[in-house]
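Here the structure is laid out as C-alpha coordinates; the discussion comes afterwards.
Below, all heavy atoms of this structure are taken into account, side chains as well, without hydrogens, waters or symmetry copies. A quick note: this is a predicted structure, and the numbers were derived from the prediction, not measured.
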Number of protein chains: 2
Amino acid sequence: MAAAETPDETTVGLGGHPADAAVETIHRELTAFARRARASAGRMHPELSLVSYTLLGHLEERDGLRATDLAAHYALDKSTVSRQVSALERAGLIERRVDPDDQRVQVLHLTEAGRHILGQVTESRRAAFRERLAGWPAQDLIRFAAYLERYNAWPGGEPDRAAPRDTYGGRGTH
Amino acid sequence: MAAAETPDETTVGLGGHPADAAVETIHRELTAFARRARASAGRMHPELSLVSYTLLGHLEERDGLRATDLAAHYALDKSTVSRQVSALERAGLIERRVDPDDQRVQVLHLTEAGRHILGQVTESRRAAFRERLAGWPAQDLIRFAAYLERYNAWPGGEPDRAAPRDTYGGRGTH
DNA sequence: CTTGCTGGTTGCACAATACAACTCCGCTAC
DNA sequence: GTAGCGGAGTTGTATTGTGCAACCAGCAAG
(Lines give C-alpha, C1' and ligand atoms only; values in the text may rest on other atoms or scores of the structure.)
Protein backbone atom coordinates (compact mmCIF):
# COMPACT_ATOMS: atom_id res chain seq x y z
CA MET A 1 0.00 0.00 0.00
CA ALA A 2 2.89 2.23 0.69
CA ALA A 3 3.67 2.73 -2.90
CA ALA A 4 6.70 4.49 -1.71
CA GLU A 5 8.02 4.50 -5.16
CA THR A 6 6.73 6.84 -7.74
CA PRO A 7 9.24 9.42 -6.79
CA ASP A 8 8.35 11.04 -10.01
CA GLU A 9 7.19 14.41 -9.00
CA THR A 10 6.27 14.45 -12.59
CA THR A 11 3.19 12.57 -11.70
CA VAL A 12 1.91 15.12 -9.32
CA GLY A 13 4.04 18.09 -9.96
CA LEU A 14 3.21 19.25 -13.38
CA GLY A 15 0.29 21.29 -14.36
CA GLY A 16 -2.11 19.91 -16.82
CA HIS A 17 -1.70 16.31 -15.87
CA PRO A 18 -4.62 14.28 -14.71
CA ALA A 19 -2.88 13.82 -11.42
CA ASP A 20 -2.65 17.53 -10.99
CA ALA A 21 -6.31 17.91 -11.59
CA ALA A 22 -6.84 15.18 -9.06
CA VAL A 23 -4.88 17.09 -6.46
CA GLU A 24 -7.00 20.08 -7.23
CA THR A 25 -10.13 18.09 -6.79
CA ILE A 26 -9.00 16.51 -3.60
CA HIS A 27 -8.20 19.92 -2.30
CA ARG A 28 -11.58 21.32 -3.25
CA GLU A 29 -13.65 18.41 -2.10
CA LEU A 30 -11.90 18.02 1.17
CA THR A 31 -12.37 21.69 1.83
CA ALA A 32 -16.00 21.57 0.92
CA PHE A 33 -16.44 18.68 3.24
CA ALA A 34 -14.76 20.51 6.06
CA ARG A 35 -17.01 23.48 5.51
CA ARG A 36 -20.03 21.41 6.18
CA ALA A 37 -18.91 18.93 8.70
CA ARG A 38 -19.16 21.37 11.48
CA ALA A 39 -22.57 22.61 10.59
CA SER A 40 -24.13 19.25 10.17
CA ALA A 41 -22.44 17.86 13.22
CA GLY A 42 -23.88 20.66 15.27
CA ARG A 43 -27.35 20.10 13.94
CA MET A 44 -27.30 16.45 14.63
CA HIS A 45 -26.17 16.62 18.18
CA PRO A 46 -26.58 19.86 19.93
CA GLU A 47 -25.36 18.03 22.96
CA LEU A 48 -21.96 17.39 21.61
CA SER A 49 -20.15 19.77 19.36
CA LEU A 50 -17.83 18.49 16.73
CA VAL A 51 -14.88 19.40 18.87
CA SER A 52 -16.23 17.78 21.95
CA TYR A 53 -17.15 14.76 20.00
CA THR A 54 -13.75 14.50 18.52
CA LEU A 55 -11.99 14.93 21.80
CA LEU A 56 -14.26 12.45 23.45
CA GLY A 57 -13.67 10.00 20.69
CA HIS A 58 -10.00 10.39 21.05
CA LEU A 59 -10.23 9.72 24.73
CA GLU A 60 -12.21 6.65 24.10
CA GLU A 61 -9.44 5.26 22.00
CA ARG A 62 -6.74 6.20 24.36
CA ASP A 63 -7.78 6.70 27.87
CA GLY A 64 -5.54 8.66 30.10
CA LEU A 65 -4.37 11.33 27.73
CA ARG A 66 -3.26 14.71 28.86
CA ALA A 67 -4.77 17.95 27.68
CA THR A 68 -1.53 18.80 25.98
CA ASP A 69 -1.66 15.64 23.97
CA LEU A 70 -5.02 16.57 22.65
CA ALA A 71 -3.87 20.05 21.82
CA ALA A 72 -0.91 18.73 19.90
CA HIS A 73 -2.95 16.14 18.16
CA TYR A 74 -5.50 18.55 16.89
CA ALA A 75 -3.26 21.53 16.47
CA LEU A 76 -5.35 23.44 18.94
CA ASP A 77 -4.25 25.97 21.45
CA LYS A 78 -3.95 24.69 24.98
CA SER A 79 -6.42 27.23 26.14
CA THR A 80 -9.00 25.93 23.74
CA VAL A 81 -8.47 22.42 24.91
CA SER A 82 -8.55 23.55 28.46
CA ARG A 83 -11.94 25.12 28.00
CA GLN A 84 -13.32 22.22 26.06
CA VAL A 85 -12.10 19.84 28.66
CA SER A 86 -13.62 21.94 31.38
CA ALA A 87 -16.94 21.91 29.59
CA LEU A 88 -16.74 18.19 29.10
CA GLU A 89 -15.98 17.72 32.74
CA ARG A 90 -18.76 20.05 33.79
CA ALA A 91 -21.06 17.97 31.68
CA GLY A 92 -19.86 14.92 33.51
CA LEU A 93 -18.53 13.23 30.42
CA ILE A 94 -14.93 13.05 31.43
CA GLU A 95 -12.91 13.10 34.58
CA ARG A 96 -9.69 14.90 35.28
CA ARG A 97 -7.26 13.33 37.60
CA VAL A 98 -3.90 14.50 38.62
CA ASP A 99 -1.09 12.34 37.45
CA PRO A 100 0.58 10.97 40.55
CA ASP A 101 3.92 11.07 38.79
CA ASP A 102 3.67 14.67 37.84
CA GLN A 103 1.37 16.94 39.69
CA ARG A 104 1.21 19.35 36.81
CA VAL A 105 -0.41 16.85 34.58
CA GLN A 106 -4.07 16.03 34.42
CA VAL A 107 -4.94 12.71 33.06
CA LEU A 108 -8.28 12.52 31.33
CA HIS A 109 -10.71 9.68 31.46
CA LEU A 110 -14.08 9.07 29.99
CA THR A 111 -16.84 8.60 32.51
CA GLU A 112 -19.60 6.13 32.02
CA ALA A 113 -21.90 8.92 30.96
CA GLY A 114 -19.31 10.09 28.50
CA ARG A 115 -18.91 6.69 27.04
CA HIS A 116 -22.63 6.38 26.77
CA ILE A 117 -23.22 9.68 25.00
CA LEU A 118 -20.29 9.10 22.76
CA GLY A 119 -21.71 5.78 21.82
CA GLN A 120 -25.01 7.31 20.85
CA VAL A 121 -23.50 10.07 18.84
CA THR A 122 -21.10 7.76 17.14
CA GLU A 123 -23.92 5.50 16.29
CA SER A 124 -26.02 8.13 14.65
CA ARG A 125 -23.10 9.73 12.94
CA ARG A 126 -22.08 6.40 11.68
CA ALA A 127 -25.56 5.75 10.46
CA ALA A 128 -25.44 8.95 8.47
CA PHE A 129 -22.13 8.01 6.99
CA ARG A 130 -23.29 4.57 6.25
CA GLU A 131 -26.34 5.85 4.52
CA ARG A 132 -24.19 8.10 2.49
CA LEU A 133 -21.83 5.35 1.61
CA ALA A 134 -24.49 2.86 0.85
CA GLY A 135 -24.11 1.43 -2.54
CA TRP A 136 -20.39 1.79 -2.62
CA PRO A 137 -18.63 -1.40 -3.41
CA ALA A 138 -16.72 -2.71 -0.43
CA GLN A 139 -13.56 -2.49 -2.39
CA ASP A 140 -14.02 1.22 -2.89
CA LEU A 141 -14.84 1.81 0.72
CA ILE A 142 -11.71 0.12 1.80
CA ARG A 143 -9.61 2.04 -0.62
CA PHE A 144 -11.25 5.29 0.29
CA ALA A 145 -10.62 4.66 3.95
CA ALA A 146 -7.03 3.80 3.23
CA TYR A 147 -6.52 6.96 1.25
CA LEU A 148 -7.93 9.09 3.98
CA GLU A 149 -5.78 7.44 6.54
CA ARG A 150 -2.76 7.86 4.45
CA TYR A 151 -3.61 11.44 3.86
CA ASN A 152 -4.15 12.24 7.50
CA ALA A 153 -1.16 10.28 8.60
CA TRP A 154 1.12 12.63 6.83
CA PRO A 155 4.05 13.37 9.10
CA GLY A 156 3.52 16.71 10.62
CA GLY A 157 -0.13 16.40 10.03
CA GLU A 158 -0.74 14.47 13.13
CA PRO A 159 2.07 15.05 15.49
CA ASP A 160 1.04 12.55 18.01
CA ARG A 161 2.88 13.51 21.12
CA ALA A 162 6.12 15.28 21.00
CA ALA A 163 5.77 16.52 17.53
CA PRO A 164 7.45 19.33 15.77
CA ARG A 165 4.49 20.31 13.71
CA ASP A 166 6.40 22.65 11.48
CA THR A 167 4.08 21.53 8.83
CA TYR A 168 2.54 24.88 8.56
CA GLY A 169 5.69 26.77 8.95
CA GLY A 170 5.07 27.06 12.60
CA ARG A 171 3.38 30.21 13.56
CA GLY A 172 2.00 31.22 10.41
CA THR A 173 1.65 34.33 8.48
CA HIS A 174 3.10 32.18 5.93
CA MET B 1 -15.71 0.46 18.72
CA ALA B 2 -17.34 -1.79 16.27
CA ALA B 3 -18.56 -3.78 19.18
CA ALA B 4 -22.32 -3.57 19.19
CA GLU B 5 -22.60 -3.58 15.49
CA THR B 6 -26.08 -3.61 14.27
CA PRO B 7 -25.98 -5.80 11.27
CA ASP B 8 -28.07 -3.93 8.81
CA GLU B 9 -25.56 -4.99 6.29
CA THR B 10 -27.78 -4.65 3.36
CA THR B 11 -26.43 -1.17 3.19
CA VAL B 12 -22.76 -1.29 2.73
CA GLY B 13 -21.67 -4.54 3.97
CA LEU B 14 -21.91 -7.03 6.68
CA GLY B 15 -21.45 -6.18 10.25
CA GLY B 16 -17.94 -6.60 11.36
CA HIS B 17 -16.69 -6.86 7.85
CA PRO B 18 -13.87 -4.89 6.42
CA ALA B 19 -16.32 -2.66 4.64
CA ASP B 20 -17.93 -1.71 7.89
CA ALA B 21 -14.61 -0.92 9.43
CA ALA B 22 -13.91 1.15 6.38
CA VAL B 23 -17.00 3.22 6.94
CA GLU B 24 -15.88 3.74 10.47
CA THR B 25 -12.48 4.84 9.32
CA ILE B 26 -13.84 7.15 6.70
CA HIS B 27 -16.02 8.70 9.31
CA ARG B 28 -13.18 9.21 11.72
CA GLU B 29 -10.63 10.43 9.26
CA LEU B 30 -12.94 12.79 7.54
CA THR B 31 -13.92 14.23 10.87
CA ALA B 32 -10.36 14.60 11.95
CA PHE B 33 -9.59 16.34 8.75
CA ALA B 34 -12.46 18.72 9.21
CA ARG B 35 -11.26 19.55 12.66
CA ARG B 36 -7.99 20.78 11.35
CA ALA B 37 -8.82 22.23 8.01
CA ARG B 38 -10.04 25.42 9.45
CA ALA B 39 -7.12 25.95 11.73
CA SER B 40 -4.49 25.34 9.13
CA ALA B 41 -6.31 27.31 6.50
CA GLY B 42 -6.45 30.24 8.82
CA ARG B 43 -2.78 30.08 9.55
CA MET B 44 -1.84 29.89 5.95
CA HIS B 45 -3.85 32.82 4.74
CA PRO B 46 -4.94 35.32 7.25
CA GLU B 47 -6.19 37.30 4.31
CA LEU B 48 -8.80 34.85 3.31
CA SER B 49 -10.68 32.75 5.75
CA LEU B 50 -11.65 29.26 4.82
CA VAL B 51 -15.19 30.36 4.24
CA SER B 52 -14.26 33.31 2.13
CA TYR B 53 -11.89 31.22 0.19
CA THR B 54 -14.46 28.60 -0.43
CA LEU B 55 -17.09 31.05 -1.50
CA LEU B 56 -14.66 32.83 -3.73
CA GLY B 57 -13.61 29.58 -5.26
CA HIS B 58 -17.15 28.69 -5.91
CA LEU B 59 -17.73 31.95 -7.63
CA GLU B 60 -14.76 31.42 -9.79
CA GLU B 61 -16.23 28.24 -11.07
CA ARG B 62 -19.65 29.62 -11.55
CA ASP B 63 -19.82 33.29 -11.95
CA GLY B 64 -23.10 34.93 -11.38
CA LEU B 65 -24.38 32.95 -8.47
CA ARG B 66 -26.80 34.32 -5.96
CA ALA B 67 -26.16 34.47 -2.26
CA THR B 68 -28.90 31.97 -1.71
CA ASP B 69 -27.20 29.51 -3.98
CA LEU B 70 -24.10 29.69 -1.91
CA ALA B 71 -26.05 29.30 1.27
CA ALA B 72 -27.76 26.22 -0.04
CA HIS B 73 -24.60 24.80 -1.42
CA TYR B 74 -22.72 25.04 1.80
CA ALA B 75 -25.60 24.53 4.14
CA LEU B 76 -25.01 27.90 5.66
CA ASP B 77 -27.55 30.33 6.94
CA LYS B 78 -28.37 33.15 4.60
CA SER B 79 -27.30 35.64 7.16
CA THR B 80 -23.87 34.11 7.31
CA VAL B 81 -23.51 34.22 3.60
CA SER B 82 -24.80 37.73 3.53
CA ARG B 83 -22.13 38.83 5.94
CA GLN B 84 -19.39 36.96 4.21
CA VAL B 85 -20.43 38.38 0.91
CA SER B 86 -20.49 41.84 2.36
CA ALA B 87 -17.01 41.39 3.68
CA LEU B 88 -15.82 40.08 0.38
CA GLU B 89 -17.35 43.01 -1.36
CA ARG B 90 -15.90 45.46 1.12
CA ALA B 91 -12.56 43.91 0.41
CA GLY B 92 -13.15 44.49 -3.24
CA LEU B 93 -12.95 40.85 -4.16
CA ILE B 94 -16.42 40.45 -5.52
CA GLU B 95 -19.14 42.61 -6.93
CA ARG B 96 -22.83 42.48 -6.28
CA ARG B 97 -25.15 43.39 -9.04
CA VAL B 98 -28.86 43.38 -9.11
CA ASP B 99 -30.40 40.84 -11.38
CA PRO B 100 -32.39 42.73 -13.98
CA ASP B 101 -34.95 39.95 -14.08
CA ASP B 102 -35.57 40.00 -10.40
CA GLN B 103 -34.72 43.02 -8.38
CA ARG B 104 -34.50 41.03 -5.18
CA VAL B 105 -31.65 38.99 -6.44
CA GLN B 106 -28.04 39.96 -6.31
CA VAL B 107 -25.79 38.30 -8.75
CA LEU B 108 -22.23 37.87 -7.57
CA HIS B 109 -19.14 38.24 -9.65
CA LEU B 110 -15.47 37.97 -8.94
CA THR B 111 -13.51 41.14 -9.48
CA GLU B 112 -10.07 41.12 -10.95
CA ALA B 113 -8.63 41.60 -7.50
CA GLY B 114 -10.69 38.71 -6.28
CA ARG B 115 -9.53 36.49 -9.05
CA HIS B 116 -6.00 37.47 -8.34
CA ILE B 117 -6.07 36.81 -4.62
CA LEU B 118 -7.93 33.60 -5.14
CA GLY B 119 -5.27 32.53 -7.56
CA GLN B 120 -2.54 33.14 -5.05
CA VAL B 121 -4.28 31.39 -2.23
CA THR B 122 -5.23 28.51 -4.41
CA GLU B 123 -1.69 28.22 -5.53
CA SER B 124 -0.23 28.02 -2.09
CA ARG B 125 -2.96 25.80 -0.81
CA ARG B 126 -2.44 23.58 -3.75
CA ALA B 127 1.25 23.53 -3.07
CA ALA B 128 0.57 22.33 0.44
CA PHE B 129 -1.76 19.67 -0.80
CA ARG B 130 0.63 18.67 -3.46
CA GLU B 131 3.42 18.34 -0.99
CA ARG B 132 1.23 16.21 1.11
CA LEU B 133 0.20 14.11 -1.79
CA ALA B 134 3.62 13.84 -3.27
CA GLY B 135 4.62 10.28 -3.66
CA TRP B 136 1.14 9.07 -4.25
CA PRO B 137 0.80 7.20 -7.45
CA ALA B 138 -1.24 9.11 -9.96
CA GLN B 139 -3.69 6.28 -10.04
CA ASP B 140 -4.37 6.65 -6.36
CA LEU B 141 -4.76 10.37 -6.60
CA ILE B 142 -7.31 10.04 -9.28
CA ARG B 143 -9.23 7.44 -7.39
CA PHE B 144 -9.07 9.41 -4.19
CA ALA B 145 -10.37 12.46 -5.97
CA ALA B 146 -13.16 10.47 -7.49
CA TYR B 147 -14.15 9.04 -4.15
CA LEU B 148 -14.30 12.42 -2.56
CA GLU B 149 -16.37 13.76 -5.37
CA ARG B 150 -18.71 10.91 -5.18
CA TYR B 151 -18.97 11.31 -1.47
CA ASN B 152 -19.71 14.98 -1.60
CA ALA B 153 -22.05 14.65 -4.49
CA TRP B 154 -24.44 12.71 -2.39
CA PRO B 155 -27.97 13.90 -3.18
CA GLY B 156 -28.83 15.27 0.19
CA GLY B 157 -25.41 16.59 0.76
CA GLU B 158 -25.14 19.22 -1.84
CA PRO B 159 -28.56 20.45 -2.57
CA ASP B 160 -27.60 22.85 -5.23
CA ARG B 161 -30.46 25.24 -5.28
CA ALA B 162 -33.76 24.48 -3.75
CA ALA B 163 -32.43 22.29 -1.06
CA PRO B 164 -34.60 20.29 1.21
CA ARG B 165 -31.64 19.44 3.35
CA ASP B 166 -33.66 17.03 5.44
CA THR B 167 -30.57 15.00 5.47
CA TYR B 168 -30.05 15.78 9.04
CA GLY B 169 -33.68 16.03 9.69
CA GLY B 170 -33.72 17.17 13.23
CA ARG B 171 -33.61 20.87 13.60
CA GLY B 172 -31.66 20.73 16.75
CA THR B 173 -32.83 23.94 18.18
CA HIS B 174 -29.56 24.76 19.49
C1' DC C 1 -54.49 46.49 -3.24
C1' DT C 2 -53.76 42.83 0.07
C1' DT C 3 -51.53 38.34 0.88
C1' DG C 4 -48.01 35.50 0.65
C1' DC C 5 -43.53 33.93 -0.83
C1' DT C 6 -38.58 34.53 -1.63
C1' DG C 7 -33.95 36.90 -1.40
C1' DG C 8 -31.34 39.51 1.53
C1' DT C 9 -29.91 42.35 5.78
C1' DT C 10 -29.50 43.37 10.56
C1' DG C 11 -29.71 42.66 15.68
C1' DC C 12 -28.45 39.52 19.03
C1' DA C 13 -26.34 35.61 21.18
C1' DC C 14 -23.09 32.06 21.38
C1' DA C 15 -19.36 28.78 20.48
C1' DA C 16 -14.68 28.05 19.10
C1' DT C 17 -10.59 29.78 18.76
C1' DA C 18 -6.01 32.26 19.40
C1' DC C 19 -2.74 34.87 22.07
C1' DA C 20 -0.81 36.52 26.12
C1' DA C 21 -0.22 36.85 30.94
C1' DC C 22 -0.31 34.16 34.91
C1' DT C 23 -0.05 30.14 38.38
C1' DC C 24 1.80 25.69 39.75
C1' DC C 25 4.86 22.25 39.73
C1' DG C 26 9.14 19.70 38.77
C1' DC C 27 13.84 19.84 37.59
C1' DT C 28 18.48 21.55 37.44
C1' DA C 29 22.25 24.63 38.85
C1' DC C 30 24.37 26.93 42.16
C1' DG D 1 18.86 24.15 50.45
C1' DT D 2 17.08 28.39 47.11
C1' DA D 3 16.81 30.42 42.50
C1' DG D 4 15.58 30.09 38.08
C1' DC D 5 13.91 27.66 33.92
C1' DG D 6 10.50 25.23 31.36
C1' DG D 7 6.23 22.64 30.84
C1' DA D 8 1.03 22.04 31.95
C1' DG D 9 -3.13 24.37 32.63
C1' DT D 10 -6.15 28.38 33.45
C1' DT D 11 -8.07 32.77 32.73
C1' DG D 12 -8.77 37.37 30.43
C1' DT D 13 -9.67 39.41 26.10
C1' DA D 14 -10.70 39.87 21.26
C1' DT D 15 -12.04 37.96 16.95
C1' DT D 16 -14.57 35.17 13.82
C1' DG D 17 -18.12 32.19 12.11
C1' DT D 18 -22.43 30.88 12.91
C1' DG D 19 -27.66 30.51 13.59
C1' DC D 20 -32.10 32.36 14.57
C1' DA D 21 -35.51 35.72 14.49
C1' DA D 22 -37.23 39.91 13.03
C1' DC D 23 -37.30 42.74 9.44
C1' DC D 24 -37.41 45.04 4.63
C1' DA D 25 -38.01 44.69 -0.44
C1' DG D 26 -39.55 42.93 -4.68
C1' DC D 27 -42.48 39.54 -7.19
C1' DA D 28 -46.65 36.95 -8.03
C1' DA D 29 -51.54 35.76 -7.10
C1' DG D 30 -56.20 36.56 -5.47
Side-chain angles (χ1 to χ4, degrees), chain A residues 34-55 65-72 74-91 96-108 161-162 168 170-173, chain B residues 34-55 65-91 96-108 161-163 165 168 170-174:
Chain A
R35 264 284 323 104
R36 307 170 151 198
R38 172 166 305 213
S40 21
R43 295 207 193 319
M44 286 202 289
H45 301 283
E47 264 75 77
L48 216 51
S49 75
L50 180 56
V51 202
S52 305
Y53 170 73
T54 313
L55 296 183
L65 282 173
R66 305 173 310 165
T68 309
D69 297 330
L70 294 176
Y74 293 108
L76 286 171
D77 192 81
K78 2 174 235 172
S79 64
T80 303
V81 174
S82 173
R83 281 183 244 269
Q84 292 291 334
V85 165
S86 298
L88 251 20
E89 188 191 34
R90 240 191 334 274
R96 288 195 271 199
R97 285 192 345 211
V98 176
D99 182 339
D101 295 350
D102 186 339
Q103 298 287 105
R104 295 171 297 181
V105 171
Q106 298 181 348
V107 181
L108 308 174
R161 274 204 190 225
Y168 302 118
R171 271 335 84 256
T173 326
Chain B
R35 264 282 323 105
R36 307 170 151 197
R38 172 166 305 214
S40 21
R43 293 205 194 323
M44 285 203 287
H45 302 284
E47 262 77 75
L48 218 51
S49 75
L50 180 58
V51 203
S52 306
Y53 171 72
T54 312
L55 296 183
L65 283 174
R66 305 173 309 166
T68 309
D69 297 331
L70 294 176
H73 191 94
Y74 293 108
L76 286 172
D77 192 82
K78 3 174 233 173
S79 64
T80 302
V81 174
S82 173
R83 282 182 246 271
Q84 293 290 334
V85 164
S86 298
L88 251 20
E89 188 192 36
R90 239 191 334 273
R96 287 195 271 200
R97 284 190 347 208
V98 177
D99 182 338
D101 295 350
D102 186 339
Q103 298 286 105
R104 296 171 297 181
V105 170
Q106 299 181 347
V107 182
L108 308 174
R161 274 195 193 234
R165 184 155 80 285
Y168 304 118
R171 215 105 235 63
T173 307
H174 180 353

Just N and O in the side chain of A:Ser82: are any of them under 4.0 Å from OP1 or OP2 of D:dG9?
no
Got more than 12 heavy atoms from elsewhere within 6.0 Å of CZ, B:Arg97? no
Less than 4.0 angstrom between a side-chain N/O of A:Arg66 and OP1 or OP2 of D:dA8, yes or no? yes
Separation of C:dT9 atom C1' from B:Arg96 atom CZ, nearest Å, is 9 Å
A:Asp101 CG to C:dC24 P, in whole Å, measures 22 Å
Does the side chain of A:Ser79 get closer than 4.0 angstrom to OP1 or OP2 of D:dT10 through an N or O atom?
no
Atom OH of A:Tyr53 and atom P of C:dA16 are separated, to the nearest Å, by 16 Å
In whole angstroms, the gap separating P of C:dT10 from CG of B:Asp77 amounts to 14 Å
Is a donor on one side and an acceptor on the other found under 3.5 Å between the side chain of A:Ser86 and the backbone of A:Ser82?
yes
State whether A:Gln103 places a side-chain N or O below 4.0 Å from either non-bridging phosphate oxygen (OP1 or OP2) of C:dC24. no
Closer than 4.0 Å, any side-chain N/O of A:Thr80 to the OP1 or OP2 of C:dT17? no
Rounded to whole Å, CZ of A:Arg97 lies from P of D:dG9 at a distance of 14 Å
When rounded to whole Å, the CG to C1' distance for the pair B:Leu65 and C:dG7 reads 14 Å
Would you say a side-chain N or O of B:Gln106 is under 4.0 Å from OP1 or OP2 of C:dG7? no
Side-chain contact check for B:Arg104: nearest option of C:dG8, D:dG9, D:dC27 is D:dC27
In whole angstroms, the gap separating P of D:dT10 from CZ of A:Arg90 amounts to 11 Å
Note: B:Leu88 and B:Ser52 closest approach over all heavy atoms is CD1-CB, 3.7 Å
* Asked: A:Val98 and A:Val105: side-chain contact (heavy atoms from CB on, under 4.5 Å), yes or no, with the steps?
  -> CA-CA 6 Å; A:Val98 176; A:Val105 171; over 6 Å; no
When rounded to whole Å, the CD to C1' distance for the pair B:Gln84 and D:dG19 reads 13 Å
Closest of D:dT10, C:dA18, D:dT18 to the B:Leu76 side chain is D:dT18
Side chain of B:Asp69, backbone of B:Arg66: donor and acceptor closer than 3.5 Å? yes
Heavy-atom nearest nucleotide on DNA chain C taken for A:Asp102 and for A:Ser52; more 5' hit belongs to A:Ser52
**Item:** Any donor-acceptor N/O pair under 3.5 Å between C:dG11 base and B:Arg83 side chain
**Value:** yes
